[in-house]
2 protein chains.
Amino acid sequence: MSDIRVLVVDDDFMVARIHAGYVARMPGFEVVATAHNGADAITAVAGSRPDLVLLDIYLPDMSGLEVLKAISGVDVLVISAARDVPTVREAMRGGAVNYLIKPFAAAALTERLQQYAHTRRQLSAIGPEAGQDDVDRLFGVTGTPPALPKGLSQATCALVATVLREAGRDLSAVETASLTGLSRVSARRYLEYLCGARRAELRPRYGTAGRPEHRYRWIG
Amino acid sequence: MSDIRVLVVDDDFMVARIHAGYVARMPGFEVVATAHNGADAITAVAGSRPDLVLLDIYLPDMSGLEVLKAISGVDVLVISAARDVPTVREAMRGGAVNYLIKPFAAAALTERLQQYAHTRRQLSAIGPEAGQDDVDRLFGVTGTPPALPKGLSQATCALVATVLREAGRDLSAVETASLTGLSRVSARRYLEYLCGARRAELRPRYGTAGRPEHRYRWIG
DNA sequence: GTCGTAGTGGTCGTATTGGTCGCAACCGGC
DNA sequence: GCCGGTTGCGACCAATACGACCACTACGAC
């Protein structure tokens with residue numbers, strides 16, 4: 001896959017240079033332009049066709065929020081010292097993929113860029129038609145009990161949950177497999193899901209030579 | 001707090017009515033208008049000043065995505081049979097708070113509306129200035145665990161960190177091993193990682209016969 | 001000052017499990 | 001009746017902790 005093309009926008013020449021340096025050092029990313037005001041940013045978006053824009057809010061000629069509304073077809077990561085709630089909210093509404101408050105650690109930017117790259121890979125892996133579960137993943141469903149991922153069935157899930165609850169103790173993947181009649185792989189998948197849904201917890205057991213054993217316990 | 005004002009947009013009169021019915025039955029929500037094409041939707045946004053728009057993509061006069069770009073100052077929840085990836089992506093970029101694929105269960109809409117109400121309460125509870133952690137919550141940071149080096153597991157890392165924090169004093173590698181139940185080698189690896197991540201500090205202790213002892217202290 | 005000793009830091013090989021990929025069987029829709 | 005999608009499984013690959021060994025550093029005895 002080709003590199004992710006990035007446009008860096010910051011009124012401070014030095015800051016823009018630093019941000020560009022961070023991005024350039026990230027494998028898989030490439031800085032295609034920098035801009036120091038809103039008008040140049042909009043021109044650069046049209047000219048360089050970046051995939052992602054690192055956008056400052058405080059610009060000499062216009063607000064970064066206006067730039068955000070003016071451009072389309074690109075993703076935007078806001079990087080700004082502006083931390084008032086209305087600005088953050090407007091950035092969200094404008095479709096910013098993330099928002100980083102200055103000053104920030106280099107690792108924070110790195111992390112968000114990696115997250116962006118990951119989301120991008122997810123997008124390209126979906127296929128022609130998205131399902132509701134794909135969409136939910138993209139929009140980051142939080143708090144809501146995640147719908148069963150593809151490949152998991154309601155009945156089997158209930159079976160695994162029942163066995164784990166009735167056991168009254170923690171079970172390993174192989175034990176669960178034996179008790180339910182499923183294969184180890186399937187049992188593990190469902191146990192993993194129950195963990196993600198906060199209906200079970202995972203605690204590794206050490207002491208044996210070899211890789212630690214994952215033991216699952218029901219926590220309804 | 002006053003109700004959340006909702007504008008329902010769908011070209012199909014009956015569908016709009018059904019959606020409006022769902023919303024009206026939700027406590028804390030209020031339908032202030034309905035629209036059946038893009039132009040009416042834009043007018044209604046200006047006239048009724050809703051907080052949230054339930055927006056269809058397929059409209060007779062223009063695409064819902066165009067409507068999304070044309071309106072501002074309101075949140076948008078896309079409800080559409082359109083499930084191709086570019087459309088979903090463009091909706092994300094346009095700042096849609098969520099995306100529901102038709103047909104959907106009534107519970108799915110209810111869930112998303114509740115999630116929206118929850119996010120809204122979070123927003124108003126933040127105060128005048130947002131911190132990075134507030135922003136992360138809003139953007140649904142799933143907390144990408146800062147990629148541990150190969151050979152280290154998330155669960156074990158959490159275990160070691162917890163033991164070290166709860167100890168309230170500095171611990172040696174052997175003490176940590178005994179308290180966590182893992183071997184000295186593994187304990188030391190995780191302690192070393194925590195030091196590198198600035199979550200613990202290392203101070204050698206002398207006075208004992210034998211090689212000086214490395215003592216680790218939690219510095220969250 | 002030198003050497004012995006003690007006790008831990010660090011590395012390497014190994015064991016045993018976790019996790020992934022592709023396939024087969026089944027099911028519902030056109 | 002065919003076909004795309006879903007669900008579970010077998011087999012492989014990789015991960016992760018342990019045991020054993022060597023190395024290193026301070027203290028104490030002479």
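Just so it is clear: chains get the letters A, B, ... in the order the sequence lines come, proteins before strands, and each one is counted from 1. Keep in mind that this is a model prediction, so the values were computed, not measured.
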Looking at the base of D:dA15, is there any donor atom on it, or on the side chain of A:Arg211, that sits under 3.5 Å from an acceptor on the other one?
yes
Is it the case that the base of C:dG10 and the side chain of B:Arg184 share a donor-acceptor contact (distance under 3.5 Å, atom types as modelled)?
yes
Return the nearest nucleotide to the side chain of B:Val185; candidates are D:dA20, D:dG10, C:dG19.
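Nearest listed nucleotide: D:dA20.
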Would A:Tyr206 and B:Thr156 count as having a side-chain donor-acceptor pair, cut-off 3.5 Å?
yes
Check the side chains of B:Arg120 and B:Tyr116 for a donor-acceptor pair under 3.5 angstrom, ignoring hydrogens and angles.
yes
For [X] and [N], give me the distance from atom [atom1] to atom [atom2], rounded to whole Å.
X: A:Leu191; N: D:dG8; atom1: CG; atom2: P; value: 13 Å
X: B:Glu213; N: D:dC27; atom1: CD; atom2: C1'; value: 15 Å
X: B:Lys150; N: D:dC13; atom1: NZ; atom2: P; value: 16 Å
X: B:Tyr193; N: D:dT16; atom1: OH; atom2: C1'; value: 16 Å
X: A:Glu192; N: C:dT20; atom1: CD; atom2: P; value: 8 Å
X: B:Arg189; N: C:dC12; atom1: CZ; atom2: C1'; value: 12 Å
X: A:Arg215; N: C:dG18; atom1: CZ; atom2: P; value: 10 Å

Tell me whether the side-chain N/O atoms of [X] come closer than 4.0 Å to OP1 or OP2 in [N].
X: B:Tyr190; N: D:dT16; answer: no
X: A:Ser153; N: D:dT6; answer: no
X: B:Ser183; N: D:dC18; answer: yes
X: A:Tyr206; N: D:dT16; answer: no
X: A:Thr208; N: C:dT17; answer: no

Among A:Leu55, A:Val6, A:Leu54, which residue meets the side chain to side chain contact (heavy atoms under 4.5 Å, CB included) test with A:Leu77?
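In the set A:Leu55, A:Val6, A:Leu54, the residue that makes a side chain to side chain contact (heavy atoms under 4.5 Å, CB included) with A:Leu77 is A:Leu54.
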With B:Asp10, which of B:Arg17, B:Lys102, B:His36 fulfils side chain to side chain donor-acceptor pair (under 3.5 Å)?
B:Lys102
At under 4.0 Å between heavy atoms, what does B:Ser172 touch on the DNA or RNA strands: base, sugar-phosphate, or nothing?
nothing
